[in-house]
Amino acid sequence: MENQTIGRGHEYNLAWRKAEEAALRRYQATHWLECFVGPLGISSQPSEREFVSCLRSGFVLCNLINKVQPGSVPKVVEIHTPSQSIMWDSQPLPAYQYFENIRNFLVAAEDLKLPAFEASIFERDNIEAGSSTKVVDCILELKAYHEWKQMTGGVGCYKPLRSPLLTPSRGRIQEQTHVTVNSDSHRRLEMSASFPKQSLTDEEIKKLEGMIVKAIAEKMVDMKENMGSFQNGNTNQVELFSRIFSSCLEEQLQTKSPKFKSDPLREMSCSDDNSACIPLQNISNLRNCKDKCCRACIKKGKCNHWTLVVMQEKELSNLKVLLASTKREFENLQSQLQSDLKQLGDQVLDMSNAALGYHKVMKENRTLHNMVQDLKGNIRVYCRIRPAFDAEAKTVVDFIGEDGSLVVIDPLKPWKDGRKIFEFNRVFGSSATQEDVFRDTKPLVRSVMDGYNVCIFAYGQTGSGKTYTMSGPGGESTKEFGINQLALNDLFLLSDERKDIMSYKIHVQMVEIYNEQIRDLLADDPLLTKYPFIVIFP
Ligand SMILES: Nc1ncnc2c1ncn2[C@@H]1O[C@H](COP(=O)(O)OP(=O)(O)OP(=O)(O)O)[C@@H](O)[C@H]1O
């Protein structure tokens, strides 16, 4: 007895859920009908009786299918008493009226492969629990067909999806129809009338079992069909499903959160009347649009897609013009750069040739210079006559020749024997300056820079002027520099002139030879002054 009670409870819960789902689908169908056709004059959560009654005339259904598929029902029987369509609880219409409309609707629905229902459903006496289910199925299938048509533009073959896969979930139904299934709503479900909370008779239980088994069998058949179509790799169905899903989601986002339209590009591609948005890559299809309205838009009339395409084409043409001008400019710059490079190359070649010629001439000059020095003699002897001091009564120099001859007179000897003739490379008189003496030795000093060894030394008795000639009188004055300083200055000057083509290293060493001892005069350490020197070059 107790098991029987539990079993009945399960059956009751199952039937309750079945009825709840049917009610939610009916609310969804009602919501869509009101949005698409106009007010039906019934509540947003109608009972089956309300729902069937408002559709009884077939007028709403014919208008609905004509809107989805224009011309489906060529002739719709008008209702001359509008109140009859609004007041669902009115007297039944004449049978010929609704039967003609309903019959035409069913023919059109069959053409679209929509699920059929029996026209007798709309007879008032037949309204009972579950009688509107097939009508609801047909309307929701028509809704699915409409969405498919909006998405694809009617291109391709529509395959009905008559399963819960296409049917929005329970939560989605609640969201779309704005229904909060609370306890009040539950109470409004007609299940409360069909299944009174009193104990059921065996006959009623059997009838209920039959209904449940039939419903489950239908669902299983639908699911099998759809699973088959998905498993067959029908990518169009999958794509269609995803597109419908994304479209619905986007529609909900726009409805609930207008701030999502802040993206300007998105605003341009979406009309203001909450019609569906399409991906930008599909806008190319708009070229074939005759009425300049995107086929992907749910509602015709307001569509900014064409404007967007025109603007983008304009921008594209501007970019093309800009690209062409930039390309021309780039080509001009490229040709100019090439000519500049060619000119620069020619100049470098000229300079290179000039440098080669310069080096060649320099080499010839050096060769000639050293040849002249050779011709003048590798060993030259110059004579410089120091001015006489006051103590010296009379000079002994009798004659100084331009060819380097010198005649001196010995005052102690007779006139003829007292004359002595000497031959030098050149004789500098007592009036000759330091510069005069250096001018003649300068070419020899310069031969050092070309790799020749040169040695200049002074020879004479004490007080004859060796130090004066070689190092100058000393002091701060630079006017009477000796040959040493003047030669070094000239070497530095020459090194600086040739710094681009030659690098010279100049070292100075000063030694003294006294009493057969050689001493380094520049050594810092007095102990290291004696020969052999330890010379450390940097
Ligand atoms: N051409 C000259 N013009 C003027 N003064 C000179 C000239 N040559 C030498 N004298 C002077 O003569 C003096 C002696 O010269 P200096 O010291 O150069 O001789 P020295 O040959 O080096 O002697 P020592 O061998 O003893 O060193 C110095 O006072 C110097 O200034």
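Computed from a predicted structure; not experimentally measured. All heavy atoms count here, side chains included; hydrogens, waters and symmetry mates do not.
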Q: With heavy-atom distances below 4.5 Å as the criterion, would you say the side chains of D374 and N378 are in contact?
A: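 Yes, close enough: below the 4.5 Å cut-off.
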Q: Would you indicate whether the side-chain heavy atoms of Q45 and T30 approach each other to under 4.5 Å?
A: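 T30 does not reach Q45 side chain to side chain.
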Q: Ignoring hydrogens, what is the shortest heavy-atom contact between D403 and S405? Give both atom names and the distance.
A: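 Scanning both residues, the minimum pair turns out to be OD1-OG, 2.9 Å.
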Q: Would you say CG of D340 has more than 12 non-hydrogen atoms from neighbouring residues, nucleotides or ligands within 6.0 angstrom?
A: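 Yes - once you tally the heavy atoms of other residues, nucleotides and ligands closer than 6.0 Å, there are more than 12.
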Q: Can any side-chain N or O of T152 pair as donor or acceptor with the backbone N or O of W148 at less than 3.5 Å?
A: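 Looks like yes, one N/O pair under 3.5 Å.
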Q: Salt bridge check: are R498 and D450 linked by an N-O gap of less than 4.0 Å?
A: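 So R498 pairs with D450 through a salt bridge.
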Q: Roughly how far apart are I483 CD1 and T441 OG1, rounded to 0.5 Å?
A: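 The OG1 atom of T441 is 4.5 Å from CD1 of I483, to the nearest 0.5 Å.
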Q: Quick check against the 3.5 Å criterion: does H31 have a side-chain atom that pairs as donor or acceptor with the backbone of S44?
A: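 Checked: no pair found.
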Q: Is it true that E364 and K360 have a side-chain N and a carboxylate O under 4.0 angstrom from each other?
A: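 Answer for the salt bridge query: no.
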Q: Working to the nearest 0.5 angstrom, can you tell me the gap between R366 CZ and R446 CZ?
A: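 Answer for the CZ-CZ pair, R366 versus R446, is 12.0 Å.
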Q: Can you list everything that forms a salt bridge (Lys or Arg N to Asp or Glu O under 4.0 Å) with D440? Sequence neighbours excluded, please.
A: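 Residues passing salt bridge (Lys or Arg N to Asp or Glu O under 4.0 Å) with D440: R426.
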Q: Side chains of Y382 and F428: closer than 4.5 Å at any heavy-atom pair?
A: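 Yes, side chains in contact.
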Q: Out of curiosity, L114 CG to L142 CG, how far, rounded to the nearest 0.5 Å?
A: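 The distance works out to 5.5 Å.
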Q: Could you tell me which non-hydrogen atom of I421 sits nearest to which non-hydrogen atom of V407, and how far apart they are?
A: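 Looking at all heavy atoms of both residues, the shortest contact is CG1-CG2, 4.0 Å.
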Q: Ignoring hydrogens and angles, tell me if any N or O in the side chain of T469 forms a donor-acceptor pair with the backbone of G465 under 3.5 Å.
A: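 Here the side-chain-to-backbone pair exists.
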Q: Any carboxylate oxygen within less than 4.0 angstrom of a Lys/Arg side-chain nitrogen, looking at R419 and D410?
A: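 Between D410 and R419 there is no salt bridge, as every charged N stays at least 4.0 Å from the carboxylate O atoms.
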Q: What distance separates D520 CG from D525 CG, expressed to the nearest 0.5 Å?
A: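 Reported value, rounded in 0.5 Å steps: 10.5 Å.
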Q: How close do G404 and V427 get, counting heavy atoms only, and between which atoms?
A: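 Distance-wise, the nearest heavy atoms are O-CG2, 3.4 Å.
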Q: Which heavy atom in M470 sits nearest to a heavy atom in A458, and how many Å separate them?
A: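 Scanning both residues completely, I find the closest heavy atoms to be CG-CB, 3.7 Å.
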Q: Counting only heavy atoms not in M351 (residues, nucleotides, ligands), do more than 12 fall under 6.0 Å from its CE?
A: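 Atom CE in M351 is not packed in, count stays at 12 or less.
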Q: Go through it in stages, so that I can follow the logic: the residues are K149 and Q69, the test is side-chain contact (heavy atoms from CB on, under 4.5 Å), and I'd like the CA-CA distance, side-chain angles, deciding distance and then a yes or no.
A: CA-CA 9 Å; K149 204 175 164 190; Q69 187 82 358; 3.0 Å; yes
Q: Do you know the tightest heavy-atom contact between I139 and W32?
A: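 Minimum heavy-atom contact is O-CZ3, 3.7 Å.
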Q: Restricting to non-hydrogen atoms, name the atom on D490 and the atom on F438 that form the minimum distance, rounded to 0.1 Å.
A: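 Shortest heavy-atom contact: CB-CZ, 4.1 Å.
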Q: Taking the side chain as everything from C-beta on, heavy atoms only, tell me whether F330 gets closer than 4.5 Å to L333.
A: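 No - every pair of side-chain heavy atoms lies 4.5 Å or more apart.
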Q: CG of N332 to CG of L337: how many Å apart, nearest 0.5 Å?
A: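 Between N332 CG and L337 CG, I get 12.5 Å after rounding to 0.5 Å.
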Q: Establish, from distance only, whether the side-chain atoms of T433 and D436 form a donor-acceptor pair under 3.5 Å.
A: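 Result is yes, a qualifying pair exists.
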Q: Kindly indicate whether a cation-pi arrangement holds for K466 with Y459, taking the cut-offs as under 6.0 Å to the six-membered ring centre and within 45° of the axis.
A: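 So K466 doesn't make the cation-pi contact.
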Q: Check the surroundings of atom CD in E402: do more than 12 heavy atoms from other residues, nucleotides or ligands lie under 6.0 Å from it?
A: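 It does not: E402 CD has 12 such atoms or fewer within range.
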Q: Quick one: does K420's side chain get under 4.5 Å of F422's, heavy atoms only?
A: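 Yes; the side chains approach each other to less than 4.5 Å.
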Q: So V511 and L522, do their side chains get closer than 4.5 Å, heavy atoms only?
A: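 No, too far: nothing below the 4.5 Å cut-off.
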Q: Please tell me if the side chains of L24 and Q28 come closer than 4.5 Å, counting only heavy atoms from C-beta onward.
A: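 With C-beta onward as the side chain, the pair stays apart.
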Q: Taking it one step at a time, do V408 and L406 satisfy side-chain contact (heavy atoms from CB on, under 4.5 Å)?
A: CA-CA 7 Å; V408 295; L406 174 68; 4.1 Å; yes
Q: Can you establish whether the number of heavy atoms outside Y504 located under 6.0 Å from its atom OH is more than 12?
A: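 Counting neighbours around OH of Y504, more than 12 heavy atoms of other residues, nucleotides or ligands fall under 6.0 Å, so yes.
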Q: Is the shortest side-chain heavy-atom distance between E480 and Y468 below 4.5 Å?
A: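 E480 vs Y468: side chains touch.
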Q: Between CD of Q434 and CD of Q485, what distance do you get to the nearest 0.5 Å?
A: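 One gets 9.0 Å once the value is rounded to the nearest 0.5 Å.
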Q: Tell me whether I513 at atom CD1 has more than 12 heavy atoms from other residues, nucleotides or ligands lying less than 6.0 Å away.
A: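 Atom CD1 in I513 is not crowded, with 12 or fewer foreign heavy atoms closer than 6.0 Å.
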Q: Apply side-chain contact (heavy atoms from CB on, under 4.5 Å) to V454 and I456, showing your working.
A: CA-CA 7 Å; V454 177; I456 302 171; 4.1 Å; yes
Q: Do K67 side-chain atoms and V37 backbone N/O form a donor-acceptor pair below 3.5 Å?
A: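 Answer holds: no.
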Q: Just checking, is any N or O donor in the side chain of S72 or N66 under 3.5 Å from an acceptor N or O on the other one?
A: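 No, because no side-chain N or O of S72 sits under 3.5 Å from a partner of the opposite role on N66.
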Q: Apply side-chain contact (heavy atoms from CB on, under 4.5 Å) to N425 and I379, showing your working.
A: CA-CA 9 Å; N425 286 90; I379 298 173; over 6 Å; no
Q: With sequence neighbours left out, what residues match R380 under salt bridge (Lys or Arg N to Asp or Glu O under 4.0 Å)?
A: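 Partners of R380 by the salt bridge (Lys or Arg N to Asp or Glu O under 4.0 Å) criterion come out as none, since no residue qualifies.
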Q: May I ask you to check whether S464 and R386 show a side-chain donor-acceptor distance below 3.5 Å?
A: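 Judged by distance alone, the side chains do not pair up.
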